[in-house]
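Report on the structure given below.
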There are 2 protein chains.
Amino acid sequence: MANIQQVAKHAGVSVATVSRVLNGQNTVSSKTKMKVEEAIKELNYEPSMLGRNLRNSESRIVLILIPTISNPFYLEIIKGIENIAISHNYNILLCETDSDPEKENIYFDLVRKKMADGIISMDPAVNVETLKQLAEKYAIIQCSEYGGGIGIPYVTIDNEEASYRAVKHLLQIGHTKIALMNTDEKFLYARERKMGYERALKEHGIEMNNNYIFYTKDLGFENGQQAMKKILNLKERPTAVFAVSDLLAIGALKEINASGLNVPGDMAVVGFDKIDFSNMTNPTLTTVAQPMYKMGTTAAKMLIEKIQGNKVDSVVLDFELVIRESTAG
Amino acid sequence: MANIQQVAKHAGVSVATVSRVLNGQNTVSSKTKMKVEEAIKELNYEPSMLGRNLRNSESRIVLILIPTISNPFYLEIIKGIENIAISHNYNILLCETDSDPEKENIYFDLVRKKMADGIISMDPAVNVETLKQLAEKYAIIQCSEYGGGIGIPYVTIDNEEASYRAVKHLLQIGHTKIALMNTDEKFLYARERKMGYERALKEHGIEMNNNYIFYTKDLGFENGQQAMKKILNLKERPTAVFAVSDLLAIGALKEINASGLNVPGDMAVVGFDKIDFSNMTNPTLTTVAQPMYKMGTTAAKMLIEKIQGNKVDSVVLDFELVIRESTAG
DNA sequence: TATGAAAATGTAAACGATTTCATTTTTGAT
DNA sequence: ATCAAAAATGAAATCGTTTACATTTTCATA
């Protein structure tokens with residue numbers, strides 16, 4: 001495999017000149033530029049990123065931390081990140097943490113070892129203390145989920161308001177007994193969405209009923225099924241359920257159908273995220289659309305700014321309530 | 001940020017010794033080893049991958065080429081690849097090609113530029129000629145989809161047989177008018193699956209009817225809906241449909257439901273891949289289970305072998321027909 | 001033609017590790 | 001105490017770039 005030395009020799013110039021041609025500097029005469037380009041072609045030369053990266057002290061790789069690749073919610077965000085990254089000559093390393101601090105640490109090590117130039121974290125279970133410490137030395141952005149008040153820039157939506165609007169929609173179409181399917185309140189978004197839920201109820205003069213609040217361990221389909229099973233067994237059964245994730249909602253949908261009940265006739269369902277599949281279910285799912293692609297591009301731009309040493313501010317993006325069949329009663 | 005020089009000075013030894021400690025070589029006395037480890041701790045030293053990678057002429061990164069991240073089919077495979085990769089100290093770069101030769105080439109460049117040590121390609125639309133050429137110099141494995149006879153090791157299942165068994169199942173439960181929802185036959189797997197379809201029919205004395213064969217541009221949900229719309233409009237409507245991807249099948253399911261027909265009563269449906277969502281639909285989907293995780297681990301092991309310069313043979317893995325509600329009539 | 005500024009090119013030092021080969025130190029047997 | 005073999009350590013080259021600085025060439029002008 002040819003290196004820059006050989007190209008230089010072959011073209012009868014110095015390596016500096018070759019490098020200049022490579023990097024499109026305009027201080028090279030067109031004659032020599034031609035010679036060099038010819039040599040490059042003849043030797044089939046491809047500059048090595050290894051040498052270049054060492055010299056420039058950068059890896060041109062950014063890390064994306066997600067709890068699991070199985071939740072389609074992240075896919076659109078990733079696409080957004082990727083497009084911006086690529087156009088800035090960065091590549092992305094997708095890191096599935098399983099919300100496991102051990103695995104997480106393997107990935108943190110990558111930036112410590114200069115294998116990566118920065119991190120976009122979407123893992124709500126991330127070790128906040130470690131992240132904070134890391135952020136002092138490295139470029140880090142939080143996306144979608146964030147630890148509040150730890151000084152790391154984030155991009156997100158107004159979860160409280162989004163939840164409020166979702167529940168308000170259920171109230172407006174006549175529901176009063178509305179269950180909440182939430183995750184562990186150690187997550188900020190879970191706390192915020194519960195607050196929105198409560199605010200909407202209060203506004204309609206309804207007291208929050210703790211029997212109607214269910215916590216799931218994860219955001220998966222099965223978790224939704226299990227929680228729904230419990231809800232269906234309540235003596236005073238709710239007529240609507242708001243799940244904080246589409247996967248939960250789809251699990252709920254499945255369970256309701258399986259028990260012979262009708263959606264939205266017997267039970268209205270609202271999800272959260274607007275993943276692709278929320279439109280493929282029967283009935284289609286009413287859900288809160290997060291601007292996922294936009295979140296991705298925004299986070300990526302912020303990260304690149306940060307890598308370049310600039311200060312960046314957090315961003316709160318708009319959401320949208322998408323009303324579909326599962327509440328169209 | 002401390003480097004190996006500073007650690008050496010701080011510990012009062014040479015860089016060679018520090019490097020030896022770093023790499024766990026046993027030629028270092030325990031006294032000096034202690035000194036070095038102390039220095040490392042005190043200086044908060046983390047060895048730079050940039051230096052190491054240049055010296056070792058490797059990036060410890062492998063590329064995964066997939067047409068789109070939106071098809072969950074790839075997720076399990078990726079997990080398999082990732083686990084093996086991580087345990088061998090490799091990291092994976094997920095590359096979405098959109099089946100676009102231009103984008104593809106960007107990623108090929110990464111290995112030419114030594115940014116990556118090898119490629120696992122899952123893109124059926126990959127430019128076979130380029131891939132073949134690349135494979136002469138770099139480590140490449142094909143996974144799931146492969147170009148036949150181009151000498152690049154692959155891991156896959158027996159698509160013809162899998163398709164045969166799926167269709168045979170439909171025949172056995174009494175269907176005779178079976179539609180095939182396929183993709184473009186430029187893809188090897190599409191041709192193979194059609195052959196299996198034909199063989200099953202023939203075996204039951206049924207002549208293949210071209211009016212029952214539909215081609216979709218992609219493997220997405222919407223493609224399935226559109227194709228199903230056409231199928232439902234046929235004058236002599238089939239009673240079953242075999243789709244070569246779960247996403248297609250789920251699209252079909254949706255369309256059938258929407259038109260007021262019942263699955264499997266009016267129309268049985270069989271998919272392919274056993275993605276997570278095939279179990280979340282209503283009714284659940286009969287499908288051909290590919291051993292995706294195993295495919296991933298196998299491909300990863302093969303690639304690592306290849307990177308190390310060893311010869312590897314192609315592998316054909318087992319599949320399984322999973323019978324669920326959509327054919328349980 | 002000589003001159004000086006501007007343009008083009010070259011030299012050599014980084015970047016941060018690993019490793020070969022040479023050298024020093026330790027060890028154990030005599 | 002001596003010595004050879006074994007063990008531990010170090011010096012310096014190397015991986016392949018980029019770039020600051022020095023040097024040479026070009027070219028318009030006097």
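The sequence lines fix the lettering, A, B, ..., with proteins before strands; numbering per chain opens at 1. The model shown is predicted, which means the values in this text are computed figures rather than measured ones.
- Residues A:Thr68 and B:Lys79 meet the side-chain proximity criterion, which asks for heavy atoms closer than 4.5 Å.
- Side chains of A:Ser144 and A:Tyr189: no donor on one and acceptor on the other come within 3.5 Å.
- Within 4.0 Å (heavy atoms only), B:Gln5 reaches no atom of the nucleic acid at all.
- At a threshold of 4.5 Å between non-hydrogen side-chain atoms, the residues A:Ile92 and A:Ile78 count as touching.
- B:His10 contributes no side-chain N or O that, together with a main-chain N or O of B:Gln6, makes up a donor-acceptor pair within less than 3.5 Å.
- Near DNA chain D, defined here as any heavy-atom distance below 4.0 Å, the residues from residues 18-25 of chain A are A:Ser19, A:Asn23, listed numerically.
- Once you apply a 4.0 Å limit to the heavy atoms of chain A, the touched nucleotides of DNA chain C run 5' to 3' over C:dA8 to C:dG16.
- Within residues 110-118 of chain B, no residue is approached by DNA chain D to less than 4.0 Å at the level of any non-hydrogen atom.
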Show every donor-acceptor pair shorter than 3.5 Å between a side-chain atom in residues 296-307 of chain A and any protein atom, with sequence neighbours excluded, or say none if there are none.
| from | atom 1 | to | atom 2 | distance (Å) |
| --- | --- | --- | --- | --- |
| A:Thr297 | OG1 | A:Lys294 | O | 2.9 |
| A:Thr298 | OG1 | A:Lys294 | O | 2.6 |
| A:Glu305 | OE1 | A:Asn310 | ND2 | 2.8 |

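- Nearest heavy atoms, B:Glu104 versus B:Asn127: OE2-N, 3.0 Å.
- Of all the heavy atoms in B:Asn89 and B:Arg60, the pair that sits closest is O-NE, 2.9 Å.
- Residues A:Ile66 and A:Thr97 fail the side-chain proximity criterion, which asks for heavy atoms closer than 4.5 Å.
- Between chain A and DNA chain D, the heavy-atom contact criterion of under 4.0 Å yields a 5' to 3' nucleotide range of D:dG16 to D:dT19.
- Contact of the B:Lys137 side chain with the B:Val111 side chain is not registered, since no non-hydrogen atoms from C-beta on lie closer than 4.5 Å.
- Nucleic acid contact for B:Ser29: sugar-phosphate only, since backbone atoms but no base atoms lie under 4.0 Å from a heavy atom of the residue.
- Only B:Thr32, B:Leu54, B:Arg55, listed by number, bring a heavy atom of residues 30-61 of chain B to less than 4.0 angstrom from any atom of DNA chain D.
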